[in-house]
Visitor: 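One structure, pasted below without further comment.
Just so we're on the same page: letters track the sequence lines, and every chain starts at 1.
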Protein chains: 2
Amino acid sequence: MTDDAIAAAFAPHDHQQCVHRALDEAAVRLKDQGARLTPVRRRTLEILLESHRAMGAYEVLDRLAAEGFGRQPPVAYRALEFLVQHGLAHRLQRLNAFAACLHPGDDHHPVFLICRSCDKVAEAPFTPIRDALSAVAREGGFHVERATVEALGLCAACAETEGQAPC
Amino acid sequence: MTDDAIAAAFAPHDHQQCVHRALDEAAVRLKDQGARLTPVRRRTLEILLESHRAMGAYEVLDRLAAEGFGRQPPVAYRALEFLVQHGLAHRLQRLNAFAACLHPGDDHHPVFLICRSCDKVAEAPFTPIRDALSAVAREGGFHVERATVEALGLCAACAETEGQAPC
DNA sequence: GGCGGCGTCGTTACTATATTACATTTCGGT
DNA sequence: ACCGAAATGTAATATAGTAACGACGCCGCC
Ligand SMILES: [Zn+2]
Ligand SMILES: [Zn+2]
Ligand SMILES: [Zn+2]
Ligand SMILES: [Zn+2]
């Protein structure tokens, strides 16, 4: 998860290939783990991958229902939870939403950078922040186990066009 | 917001005085701002202050309703939003909950340390984390405007009694 | 082939969280 | 006393998430 990867998430790129690669990698990882990438699960991942945005569970559900899958909340929540559990997607607390993981494979718990203009989400390395956080907490006698770090701001692409229409 | 303040939030302390001081400070601050600390608002703040825990809006609402205030959601949400707006309380995204601010006066946007055993919440300085976060983001061309940092872990008091009953 | 366990998928029904809209009351200034 | 703004209350609704249960299909075994 390099700095380039952050920029790449917001910049225009060969998205077909980006999606394809992610799906392939997902299939491989799941096979290794003995987990099944069923049609609903696969389609859910595809839907998340289509944009680099975070999507609410009900937004995903509408898409699934329109394509002939079940139309009740558990359908979406189960698929999303499965993806999160297997490191293929993340949950964004701040938005009550989910986003496909852009770096499955890296065993990670990232920091999220959310652009308030284009709504896209990037993942940044957690380590430097965790170090700062742990240090501050430890001095107060607190032991950090898990942390949520979600930043709202402006991506490079949107900063350039600020004032104009969103990218 | 010192390290001692973090430890103090979790450690036993003269809580009557702790609450009293916070209420006094709130009254002064609001008067300065020309805002009114009405009965519902004051009672809401007291309820939050009674524990150092985060409370859900409906939990607060139940308390208010039981004391003769309105029993519809907006009653609680409005009072809570008012307190948040005026820096007397914080909203915890991760818990869908609210906690009284322990350091009104410091103009701040803190990091939250939430003990998973006793549920108490402390506030830690944001600056060191923001620096680390901004640095990471900037290298990816991302400009951070606001960030949510909420850590789950174990406070010093609970770490000592771990394995026994929660403090 | 038939059987049974297990995981997946779908449904209904429900809980929890939060907001919109509108009527009524309260407060401060004139 | 009067007016307008802010605050309070209500009902209704929107959004987010979970529990419980039955049906179906797959796989390993008899
Ligand atoms: Zn892409
Ligand atoms: Zn953007
Ligand atoms: Zn206290
Ligand atoms: Zn504790």
Visitor: Below 4.0 Å from chain B heavy atoms, what is the first contacting nucleotide of DNA chain C and what is the last?
Guide: C:dT17 to C:dC27
Visitor: To the nearest 0.5 Å, what is the distance between CD (B:E25) and SG (B:C101)?
Guide: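 Answer for the CD-SG pair, B:E25 versus B:C101, is 8.5 Å.
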Visitor: As an exercise, state the distance from SG of B:C115 to CG of B:L154, rounded to the nearest 0.5 Å.
Guide: 5.0 Å
Visitor: State yes or no: do A:L88 and A:L48 share one hydrophobic cluster built from I, L, V, M, F, W and Y residues joined by side-chain heavy-atom distances below 4.5 Å, directly or via other members?
Guide: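 A:L88 clusters together with A:L48.
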Visitor: Tell me, please, which residues at least two apart from A:H143 pass ring-ring contact (aromatic ring centres under 6.0 Å, His included).
Guide: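 For A:H143, no residue satisfies ring-ring contact (aromatic ring centres under 6.0 Å, His included) once neighbours in sequence are set aside.
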Visitor: Do B:L92 and B:L102 belong to the same hydrophobic cluster, where Ile, Leu, Val, Met, Phe, Trp and Tyr are linked whenever their side-chain heavy atoms lie under 4.5 Å apart, directly or via other members?
Guide: no
Visitor: Walk me through whether A:H90 and A:F98 qualify under ring pair (Phe, Tyr, Trp, His ring centres under 6.0 Å).
Guide: CA-CA 6 Å; A:H90 297 290; A:F98 300 81; over 10 Å; no
Visitor: Just grab all the side-chain hydrogen bond (donor to acceptor under 3.5 Å, both in side chains) pairs involving residues 145-157 of chain A, residues at least two apart or on different chains.
Guide: A:E145-B:R116, A:T148-B:R94
Visitor: Apply ring pair (Phe, Tyr, Trp, His ring centres under 6.0 Å) to B:H52 and B:H13, showing your working.
Guide: CA-CA 11 Å; B:H52 285 282; B:H13 56 278; 4.8 Å; yes
Visitor: Along DNA chain D, 5' to 3', what are the outermost nucleotides having an atom less than 4.0 Å from a heavy atom of chain A?
Guide: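 Listed 5' to 3', the contact boundaries are D:dA16 to D:dA19.
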Visitor: Is there a side-chain contact between A:F82 and A:Y77 (heavy atoms, below 4.5 Å)?
Guide: no
Visitor: Measuring only between side-chain heavy atoms, which start at C-beta, is B:E81 closer than 4.5 Å to B:Q85?
Guide: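 Yes, close enough: below the 4.5 Å cut-off.
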Visitor: I want to confirm an ordering. Mapping B:Y58 and A:G70 to their closest nucleotides on DNA chain C, which one lands closer to the 5' end?
Guide: A:G70
Visitor: Is there a residue in residues 72-85 of chain A whose heavy atoms reach under 4.0 Å of DNA chain C, and which residues are they?
Guide: A:Q72, A:P74, A:V75, A:R78
Visitor: For B:H15 and B:L49, indicate whether the former's side chain and the latter's backbone hold a donor-acceptor pair under 3.5 Å.
Guide: yes
Visitor: Where along residues 34-57 of chain B does a heavy atom fall under 4.0 Å from DNA chain D?
Guide: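 Contacting residues: B:R36, B:T38, B:V40, B:R41.
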Visitor: CD1 of B:I6 to CZ of A:F142: how many Å apart, nearest 0.5 Å?
Guide: 9.5 Å
